[in-house]
Colleague: 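Questions regarding the structure given below will be posed in turn.
Nothing fancy with the numbering, it's 1 onward along the sequence. These figures come from a predicted structure and were not determined experimentally.
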Amino acid sequence: LNATKHIVSLVTKLTDYEEGTYAVAEVATTMQTMFPDIYTDDEDASTCFVDENGMFYHNTEEDEKWQRYAQTAYMEMVEQNTDSACRLMKIDGEKLVVGYEYVKALDGYLIKMVSMGPAERQLTSYRNLFLLLLVLILAALTVVFYYIVKKILHQFYAITDVVHEVQHG
């Protein structure tokens with residue numbers, strides 16, 4: 001996506017209660033300056049902007065799957081008819097957190113999608129590490145308790161042996 005080709009502008013009328021409209025102010029900037037996330041390459045997340053005509057503005061270097069995900073999320077968004085939301089979606093078998101917000105000044109939606117895959121993999125590895133540490137700690141405690149009990153019982157058996165010798169004369 002060539003950032004110099006896409007310009008975002010806002011035109012505002014400046015009004016006065018007595019004189020009415022006395023000026024028009026226009027502010028223009030590149031899409032890359034306004035929405036830097038759209039132009040960053042990230043395998044696990046994507047951002048796009050959808051204008052009032054349904055035109056998608058996104059990083060064309062991006063994998064096609066994100067473009068499909070954005071279109072699917074936009075269709076579901078239109079069905080929901082809400083200005084902003086954040087929800088968990090499953091698109092093409094991949095779990096995504098999709099957040100979108102209507103930008104009134106630009107008359108369009110900003111959509112951010114983040115894949116849950118890396119987070120789930122990291123969570124799974126932490127869970128496995130926790131279970132491994134738990135098993136190792138339990139094994140170490142078992143060995144420690146074994147030797148403590150063995151030492152205590154050794155003294156107990158020594159006392160019972162003396163008692164048996166005294167009983168038998």
Colleague: Kindly compute the distance separating SG (Cys48) from CG (Leu110), expressed to the nearest 0.5 Å.
Modeller: 7.5 Å
Colleague: Can you get from Met89 to Val50 by hopping between Ile, Leu, Val, Met, Phe, Trp and Tyr side chains that sit under 4.5 Å apart?
Modeller: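 Met89 and Val50: one cluster.
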Colleague: Could you state whether Val103 and Val27 fall into the same hydrophobic cluster, counting links through intermediate Ile, Leu, Val, Met, Phe, Trp or Tyr residues with side-chain heavy atoms under 4.5 angstrom apart?
Modeller: no
Colleague: Less than 4.5 Å apart, side chain to side chain, heavy atoms only: is that true for Tyr109 and Met77?
Modeller: yes
Colleague: Are more than 12 heavy atoms from other residues, nucleotides or ligands located less than 6.0 Å from atom CZ of Phe156?
Modeller: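 Incorrect, the count does not exceed 12.
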Colleague: Apply side chain to side chain contact (heavy atoms under 4.5 Å, CB included) to the pair Tyr146 and Thr142, showing each step before the final yes or no.
Modeller: CA-CA 6 Å; Tyr146 171 76; Thr142 302; 5.5 Å; no
Colleague: Kindly say whether Lys150 contributes a backbone atom to a donor-acceptor pair with the side chain of His154 at under 3.5 angstrom?
Modeller: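 No; judged by distance alone, with no hydrogens or angles, the pair does not exist.
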Colleague: Which distance, rounded to the nearest 0.5 Å, do you find between the CE of Met116 and the CG of Leu123?
Modeller: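 The CG atom of Leu123 is 8.5 Å from CE of Met116, to the nearest 0.5 Å.
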Colleague: Run the side chain to side chain contact (heavy atoms under 4.5 Å, CB included) test on Val135 and Leu131 for me, step by step, so that the C-alpha distance in whole Å, both residues' side-chain angles and the decisive distance to 0.1 Å come before the verdict.
Modeller: CA-CA 6 Å; Val135 167; Leu131 290 175; 5.5 Å; no
Colleague: What closest approach, in Å, do Leu14 and Ala25 show between heavy atoms, and which atom pair accounts for it?
Modeller: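 That closest heavy-atom pairing would be CD1-CB, 4.4 Å.
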Colleague: Verify side chain to side chain contact (heavy atoms under 4.5 Å, CB included) between Val24 and Thr12, making sure each step is shown before the conclusion.
Modeller: CA-CA 6 Å; Val24 175; Thr12 303; over 6 Å; no
Colleague: Measure the spacing between CZ of Phe56 and CZ of Phe49 and express it to the nearest 0.5 Å.
Modeller: 11.5 Å
Colleague: Answer yes or no: is there an ion pair linking Asp92 with Arg68, defined by an N-O contact shorter than 4.0 Å?
Modeller: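 A salt bridge is present here (some side-chain N lies under 4.0 Å from a carboxylate O).
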Colleague: Rounded to the nearest 0.5 Å, how far does CG of Asp44 lie from CH2 of Trp66?
Modeller: 7.0 Å
Colleague: Look at Lys65 together with Glu94 and state whether they make a salt bridge at an N to O cut-off of under 4.0 Å.
Modeller: yes
Colleague: Counting C-beta onward and ignoring hydrogens, is there a side-chain heavy-atom pair between Met113 and Val97 closer than 4.5 Å?
Modeller: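 The answer is no, as the side chains (C-beta and beyond) never meet within the 4.5 Å cut-off.
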Colleague: Which pair of heavy atoms, one from Ala73 and one from Val98, lies closest together, and at what distance?
Modeller: CB-CG1, 3.9 Å
Colleague: Nearest heavy-atom pair of Leu106 and Glu52: which atoms, and what distance?
Modeller: O-OE1, 4.0 Å
Colleague: If we count only N and O atoms by modelled type, under 3.5 Å, do the side chains of Tyr57 and Asp51 hold a donor and an acceptor together?
Modeller: yes
Colleague: Can you pull the side chain to side chain donor-acceptor pair (under 3.5 Å) pairs that have at least one residue in residues 117-130, sequence neighbours excluded?
Modeller: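 Sorted result for residues 117-130: Lys95-Glu120, Gln122-Tyr126.
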Colleague: What I want to check is whether the side chains of Asp83 and Tyr100 have a donor and an acceptor closer together than 3.5 Å.
Modeller: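 The criterion, which ignores hydrogens and geometry beyond distance, is not satisfied for Tyr100 and Asp83.
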Colleague: Just verifying a value: how many Å separate Ile111 CD1 and Tyr102 OH, rounded to the nearest 0.5 Å?
Modeller: 13.5 Å
Colleague: Between atom OG1 of Thr72 and atom CG of Leu96, what is the distance when rounded to the nearest 0.5 Å?
Modeller: 9.5 Å
Colleague: What's the verdict on side chain to side chain contact (heavy atoms under 4.5 Å, CB included) for Glu165 and Gln167, showing C-alpha distance, side-chain angles and the deciding distance?
Modeller: CA-CA 5 Å; Glu165 286 178 23; Gln167 283 178 347; over 6 Å; no
Colleague: Is there a path of hydrophobic side-chain contacts, each under 4.5 Å between heavy atoms of I, L, V, M, F, W or Y residues, that connects Ile91 with Tyr74?
Modeller: yes
Colleague: Counting only heavy atoms not in Glu43 (residues, nucleotides, ligands), do more than 12 fall under 6.0 Å from its CD?
Modeller: no
